[in-house]
Amino acid sequence: MGNYFQPEIETASREQILAWQNERLVKQVQHVWDNVPYYRKKMEEKGLTPADIQGVDDLKKLPFLTKDDLREAYPYGLLGKPLSDCVRIQSTSGTTGKRVVAFYTQHDIDLWEDCCARAIVAAGGTKDDVCHVSYGYGLFTGGPGLNGGSHKVGCLTLPVSSGNTERQLQFMTDLGSTILCCTPSYAAYLAESIHERGLRDQIKLKAGIFGAEAWSEKMREDIQNSLGIKAYDIYGLTETSGPGVSFECEEQTGMHINEDHFIAEIIDPETGEVLPEGSKGELVFTAITKEAFPLLRYRTRDICVLTRKPCSCGRTHVKMSKPMGRSDDMLIIKGVNVFPSQIEQVLLEQGYPANYQIVVDRVNHSDTLEVMVEMTPENFSDSLAKVTSMEKKLVDALKAMLGIYAKVRLVAPKTIARSEGKAVRIIDKRKI
Ligand code: DLL
């Protein structure tokens, strides 16, 4: 049987979980109706009032919320509490126009940290552990979420944040980190660095809590073998607070969704129809305890499967598979959300034609991004030095827009294959 942070909740009966969900959903719909005019209008357009939602069975009547709604309502349009009651914002890695800003009351933070604490305890964490948090801190939810969860468990928390590998390794060896929290690609990179420096015998890691981007079972196996740890998946998104919406237990066969805080549905991304358990489709979340950013039926765009097969850990909360892809064109590269339209905007602003191709790959467990773009016929005759400086300018502009490095390759006019249908702009070679 597993280790629990809140056993009475994590192993509650299905009936008990449903009872909580029914009660909290009714309350939450009323809260949103009273305080979020943007969503109230959406309900009114469907002829709904809070009285139409008596429990989980009525959830399907409610309108969806999408990232477009978040953009339209940016920044305050979906707030459920006065700003004076909010104590924090966090944000996605997207840039202007794509940024999602989420708000939190102190109560929201408290519940979010409980969710992260559950994940840490499920990975074997106790107050005797040294929890090394290498997710980014700041606007990104990874660092703050796991940091808060680690405090709740009572671990010695190392808020190392991402980057600066030497410092990571020094803390890890000097202070005896036992649990590593970071993206799986960063874990793979750290593992490689540990081996290169011959430090394998000096690290005490026993578990890793890795998420924020897709990773394969093969990658799990490699990291586990290389570091001698058990690697656990964790999922979440800024819109639903951050990491900890779901997490893996010792069975490592999917992530338990914290159903006392979130109601999960799987829908057909084309029709919006709710699909039966076991179907593959888009994951939709309704947050039933969040005060400041109470999203109802939020479409995550992540494609998953849900299962209620009993789990050997004893947890009763539904499990989601690893996300198997997305129903929009968002790419997650090195944990950063990248929309192809952002790249196109930079290219057009810099005077390039819209003939480009984005190639994403994974080399040694680390994502790479290459942007191939055709030169204009005028530029094509320029000297090599001029072309190199144009490439450099584009690298800088892309870095400023995306926040990550993209290799740029300027190619001759008409080199990139034209398509008769939709242009093939993205080649994602990562085998997930
Ligand atoms: O990535 C929150 C997070 C931080 C999760 C740390 C886990 C650990 P966003 O930046 O808003 O939030 O990105 C959310 O990332 O819709 C998924 O597409 C993807 N994602 C998150 N976790 C996983 C995972 C954070 N375990 C988007 N596996 C989500 C695959 C994941 N994809």
Side-chain angles (χ1 to χ4, degrees), residues 66-75 91-101 139-140 185 212-214 237-239 269-270 282 299-303 323 325-363 366-380 382 386-430 432:
T66 64
K67 244 197 175 83
D68 285 341
D69 287 307
L70 265 55
R71 270 176 223 140
E72 204 181 312
Y74 176 90
S91 178
T92 59
S93 43
T95 51
T96 332
K98 303 285 185 191
R99 199 175 277 288
V100 169
V101 178
L139 287 170
F140 180 56
S185 42
E213 63 185 5
L237 51 161
T238 312
E239 297 89 316
E270 300 296 326
E282 184 181 334
R299 292 185 58 164
T300 63
R301 296 288 173 188
D302 291 317
I303 303 294
R326 293 193 47 95
S327 61
D328 62 9
D329 61 351
M330 186 178 93
L331 296 162
I332 300 184
I333 303 172
K334 294 184 176 161
V336 173
N337 302 348
V338 173
F339 287 87
S341 55
Q342 294 174 295
I343 295 179
E344 183 166 312
Q345 187 186 329
V346 171
L347 299 179
L348 297 180
E349 276 170 9
Q350 301 272 327
Y352 292 93
N355 297 320
Y356 63 93
Q357 210 155 48
I358 299 166
V359 185
V360 187
D361 204 349
R362 189 163 273 178
V363 180
S366 181
D367 293 336
T368 60
L369 167 64
E370 183 178 28
V371 179
M372 264 196 298
V373 56
E374 288 183 4
M375 285 184 274
T376 58
E378 302 81 66
N379 287 337
F380 186 51
D382 284 339
K386 175 98 188 290
V387 171
T388 309
S389 111
M390 283 161 57
E391 282 178 345
K392 162 106 185 35
K393 200 166 154 221
L394 210 42
V395 167
D396 292 343
L398 286 167
K399 178 100 203 274
M401 171 63 97
L402 309 173
I404 54 170
Y405 169 75
K407 182 174 173 197
V408 168
R409 199 141 57 89
L410 293 179
V411 297
K414 304 213 162 37
T415 320
I416 294 174
R418 305 295 195 262
S419 161
E420 289 182 1
K422 281 179 190 284
V424 183
R425 299 244 189 261
I426 303 159
I427 301 172
D428 195 342
K429 297 182 176 167
R430 294 175 292 186
I432 304 297

Show, in sequence, the C-alpha distance, side-chain angles and deciding distance for I404 and D367, and conclude whether the side-chain contact (heavy atoms from CB on, under 4.5 Å) test is met. CA-CA 11 Å; I404 54 170; D367 293 336; over 6 Å; no
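- Cation-pi geometry between R71 and F339 is satisfied (NZ or CZ under 6.0 Å from the ring centre, within 45° of the ring normal).
- Qualifying salt bridge (charged side-chain N to carboxylate O under 4.0 Å, His left out) partners for K386, counting only residues two or more places apart in sequence or in other chains: D382.
- Proximity of a side-chain donor or acceptor of E370 to a complementary backbone N or O of K407 within less than 3.5 Å is not detected.
- Between E282 and R301, at least one side-chain N (NZ, or NE/NH1/NH2) sits under 4.0 Å from a carboxylate O, which counts as a salt bridge.
- Nearest heavy-atom pair across I416 and Y356 is CD1-CA, 3.7 Å.
- A donor-acceptor pair under 3.5 Å links the side-chain atoms of D69 to the main chain of T66, judged by distance alone.
- The two residues Y74 and V101 have their closest heavy-atom pair at CE1-CG2, 3.5 Å.
- Remark: side-chain polar atoms of Q342 are not paired, donor with acceptor, to backbone N or O of L402 under 3.5 angstrom.
- For the atom pair L398 CG and Q345 CD, the distance stands at 11.0 Å (nearest 0.5 Å).
- The 12-atom threshold is exceeded at CD of E349, counting heavy atoms of other residues, nucleotides or ligands nearer than 6.0 Å.
- Summarising the geometry, atom CG belonging to D302 is positioned 6.5 Å from atom CD1 belonging to I332; distances are rounded to the nearest 0.5 Å.
- Proximity of a side-chain donor or acceptor of S91 to a complementary backbone N or O of L139 within less than 3.5 Å is not detected.
- Formation of a donor-acceptor pair under 3.5 Å by the R299 side chain with backbone atoms of P269 is found in this model.
- Using a 4.5 Å heavy-atom cutoff, the side chains of L410 and V373 are in contact.
- Without hydrogens or angle criteria, E239 side chain to T300 main chain gives no donor-acceptor distance under 3.5 Å.
- Looking at every heavy atom in both residues, V387 comes nearest to M375 through CG2-SD, 4.1 Å.
- Residues that satisfy the side chain to side chain donor-acceptor pair (under 3.5 Å) test with K399, not counting sequence neighbours, are absent from this structure.
- In this structure, R430 does not pair ionically with D361, as no charged nitrogen and carboxylate oxygen lie closer than 4.0 Å.
- The CG atom of L70 sits 9.0 Å away from the OG1 atom of T92 when rounded to the nearest 0.5 Å.
- If you take CD1 on I358 and CD1 on I333, they are separated by 7.5 Å, rounding to the nearest 0.5 Å.
- The shortest side-chain heavy-atom distance between Y352 and E374 does not fall under the 4.5 Å cut-off.
- A212 and F140 get closest at one heavy-atom pair: CB-CZ, 4.0 Å.
- Taking OG1 of T415 as the start and CZ of R409 as the end, the distance is 9.5 Å to the nearest 0.5 Å.
- Not a single salt bridge (charged side-chain N to carboxylate O under 4.0 Å, His left out) links E213 to another residue, sequence neighbours left out.
- V395 and A406 get closest at one heavy-atom pair: CG2-O, 3.6 Å.
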